[in-house]
Structures are given as C-alpha cells and as structure tokens.
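Accompanying notes for the structure given below.
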Amino acid sequence: MSNAVSPVAPALSVGRGLSYLFVAGVAWGTAGAAASLLYRAGDLGPVALSFWRCLGGLVLLLAARCLRRRPRAAGCEPWRSKAVRIVVTGLALAVFQTAYFAAVEATGLAVATVVTLGAGPVLIALGARFTMGELLGRSGTAAVAGALTGLAVLVLGGSHATVRPWGVVLAVLSAAGYAVMTLVTRRWGRTGTGDGTGTTAWAFGVTVLCLLPFALAEGMVPHTAHPGRVVLLLVYVAAVPTALAYGLYFAGAAVVRSATVSVIMLLEPVSAAVLAVVLLGERLTLPTVAGTLLMLAAVAGLAVAEARGAAARRESVAA
C-alpha cells in the first residue's frame, strides 16, 4: 500500500516556490563569507554564532508577523499536530547546524561540506519515496548525480582534505537533520494547512533553546576591537541568510518536491565560492569553474523539469 499523502492545492505556485528556493540558496551561501569576516573581527565561536543567528532570525520573523496582516489558512490544523511539527522542525534544524559545525571542526570544511550537502539529497530522495511516494525518475536521478559530482569537484578539487571517520559521522548526522526538516515541511505543505511564517519563527525558537547551553559553554560575547563591525555582521547574518532565507526556504519546500528542493539548495556552495573569489580574494581555479557549471546545469535542469511537471498536473486536473 502506498504511503503517499493526498495533495491539496497549495496557496503558493510551484513556479514561485522555485524562485523562493533560488533566492534562499544564494542567500545561504553568503552566510559563510559573513562568518569568515566575523571570525576575523572577533573571537566568536561557531555555536555562539549559530545561536545569535537563530535568535536574531526569531526576533525579525516575529516582528514581521506583527507588522503584516495574516490571511486565514485554507485549512485548520489541530494544535497538537502543529506543535509536533514545530518541535520536530526546530530539533532537526538544531541538529543540522550544530552537527555540521562539529563536523567542520573534526574533519575540515571541505569534507564536512561534501558529506553533509552530498548525503542530504540522497536521504531526502529516499525519505520522500518511502513516506510520500514521490518518485525521482531518471531525469531527477541524473540531475542529483550531476549536482553531487559538481559539488565534489567544487569543494574538493585542488584541496588536500583529510577524511576522519568521526567527522564523517557528524556530517551524515547533519544531513539527516536537514533531510528531516525538508521532509516534514513538504509533508505539511501537501495538506494545505498552517502558517509558514509562524512555523519558521517558532522552529527558530526551539533551535535557540537547544543551542543556548552549548553557546554559554563556548562563550556568547566576543572580545573584539571592532564591536560595531561585529554587530553589523551579526544583524546581516540574522536578517538575510536566516530570517529571509529560511522563511523563503520553508515556503518553497512546502510546494516543491523534496528531492528538487535538496538539489536547488546546492546553490549555497556555488554562491559561497563566488563570494570567496570576489570578496575574500581567493583564486578562481579550474575545479571552481567546472564544479560551479556542473551544479548550475543540474539545478537548472531539475527546476525546468519540476515546472513542466507542475504544469502537466494542472492540465490533467483541469481536464
């Protein structure tokens, strides 16, 4: 018997959801450059940075909810279901971020990035197949394979990375948190109920509570000779790659197939690589160019296929 959930017509179109995900992926990529500048300006640790990032995102999203009128949802979601979804999403987000930072410390940035972002699409595709009956298809499989190849070339090309087993385990754990976050969002989106902005905000609240003890142990207040620069960078990280990007991510992931979401979000390392060359003075190498082109081709191909599939489904429903 199929485990697929009967879809409900979403309030957001697939085309707009794809555009939201594109913007979110590019915005996520700017977080790494901002973090590098923060580390240069002060001694803020990665967990403390993640804590302030999520806390700032929470404050901004709650402020946005207060300033705008919220339309009534198409359906009414039971409060228990909503609470479970928010807690699971928040815990998954905390695992995703914290395990990734730990993997970077254990095995280095290159290996941690490749394993986390590489395992994510595989886990998401398998989870979507067995929990929602979403089939990837031959073109989707080819796109995922192309994107993962491009990711490996982009991140590992020309580097002398060291693979440490414990770091790989942590990276896979991070990927699992990312997969759970994406699948829960997609499954909820197919029911057509709830408030995406509210889910994002309260999920950040859960994540902040999870990160607080670790941030306190690491040290939450940086010692810096440039406090103004640190504050401005923290505000940027909270506003653009957090409140804006995650808000768009959760909205887009609710209406776009999970495997497609995971491939489109691989725009993050592409954006980060471009910023590293433009702003941080890193060299533009052949692996950087080749990996970027492979990933962009895979993302574009899968996005076109997703849009065509959505149009075909609309035509069949209309007929």
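Everything numeric in this text was worked out from a predicted model, so none of it was measured. Excluded from the calculations below are hydrogen atoms, water molecules and symmetry mates; all remaining heavy atoms, backbone and side chain alike, are included.
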### Query
Looking at Thr131 and Arg187, what are the two nearest heavy atoms and their distance?
O-NH1, 2.8 Å

### Query
Which heavy atom of Val47 sits nearest a heavy atom of Ala215, and at what distance?
CG1-N, 3.9 Å

### Message
Quick check on the hydrophobic clustering: are Ile264 and Val26 connected, directly or via other members, by side-chain heavy-atom contacts under 4.5 Å?
### Response
no

### Query
To the nearest 0.5 Å, what is the distance between CZ (Arg129) and CG (Leu126)?
10.0 Å

### Task
Assess whether atom OH of Tyr236 is packed by more than 12 heavy atoms of other residues, nucleotides or ligands within 6.0 Å.
yes

### Query
Any chain of hydrophobic side-chain contacts (each under 4.5 Å) joining Leu244 to Val256?
yes

### Query
Short question: side chain of Ser271, backbone of Leu267 - any donor-acceptor pair under 3.5 Å?
no

### Message
Test your reading of the model: is there a side-chain donor-acceptor pair from Glu268 to the backbone of Gly25, 3.5 Å cut-off?
### Response
no

### Task
Identify the heavy atoms of Ala245 and Ala27 that sit nearest to each other, and give their distance.
CB-CB, 3.8 Å

### Task
Side-chain contact test, heavy atoms from C-beta onward, threshold under 4.5 Å: evaluate it for Val255 versus Tyr20 and give yes or no.
no

### Message
Just by distance, no angles: are the side chains of Thr182 and Tyr249 close enough, under 3.5 Å, to form a donor-acceptor pair?
### Response
yes

### Query
So do Trp166 and Leu170 actually touch side chain to side chain, heavy atoms under 4.5 Å?
yes

### Task
Measure the CG-SG distance between Leu61 and Cys66 for me, rounded to the nearest 0.5 Å.
11.0 Å

## Note on the structure
For Leu209 and Pro213 the tightest heavy-atom approach is O-CD, 3.5 Å

### Task
Quick one: pull up OG1 in Thr207 and CH2 in Trp202 and give me the separation to the nearest 0.5 Å.
13.0 Å

### Query
Is there a side-chain contact between Thr89 and Thr200 (heavy atoms, below 4.5 Å)?
no

### Task
State, yes or no, whether a side-chain contact exists between Leu211 and Leu55 at a heavy-atom distance under 4.5 Å.
no

### Query
Is the shortest heavy-atom distance from the side chain of Leu234 to the side chain of Arg53 under 4.5 Å?
no

### Side chains of Arg186 and Ser258, donor plus acceptor under 3.5 Å
no

### Query
What's the spacing between Thr98 OG1 and Leu173 CG if we round to 0.5 Å?
9.5 Å

### Query
Under a single-linkage definition using a 4.5 Å side-chain heavy-atom cutoff for Ile, Leu, Val, Met, Phe, Trp and Tyr, are Val240 and Val59 assigned to the same hydrophobic cluster?
no

#### Entry: Joint cluster assignment, Phe96 & Ile86, ILVMFWY side-chain distance < 4.5 Å
yes

### Task
Take Trp52 and Leu38 through the side-chain contact (heavy atoms from CB on, under 4.5 Å) test and state the conclusion after the steps.
CA-CA 12 Å; Trp52 288 116; Leu38 270 168; over 6 Å; no

## Note on the structure
What one should report as the nearest heavy-atom pair of Leu18 and Thr260 is CD2-CG2, 4.2 Å

### Cluster overlap Val95 with Val87, hydrophobic side-chain contacts below 4.5 Å
no

### Query
Can you tell me how far CH2 of Trp28 sits from CE of Met265, rounded to the nearest 0.5 angstrom?
4.0 Å

### Message
If you compare all heavy atoms of Ala243 against all heavy atoms of Leu60, which two are closest, and at what distance to 0.1 Å?
### Response
CB-CB, 4.1 Å

### Task
Answer whether the closest heavy-atom distance between the side chains of Leu123 and Leu183 falls below 4.5 Å.
no

### Task
Quick one: do Leu91 and Cys210 satisfy side-chain contact (heavy atoms from CB on, under 4.5 Å)? Show the steps, please.
CA-CA 7 Å; Leu91 290 173; Cys210 292; 3.5 Å; yes

#### Entry: Plane angle bin for Tyr246 and Phe204 - parallel if under 30°, tilted between 30 and 60°, otherwise perpendicular
perpendicular

### Query
Looking at side-chain heavy atoms only, is the closest gap between Ile124 and Tyr178 below 4.5 Å?
yes

### Query
Is there side-chain contact between Ser174 and Gln97, with at least one heavy-atom pair below 4.5 Å?
no

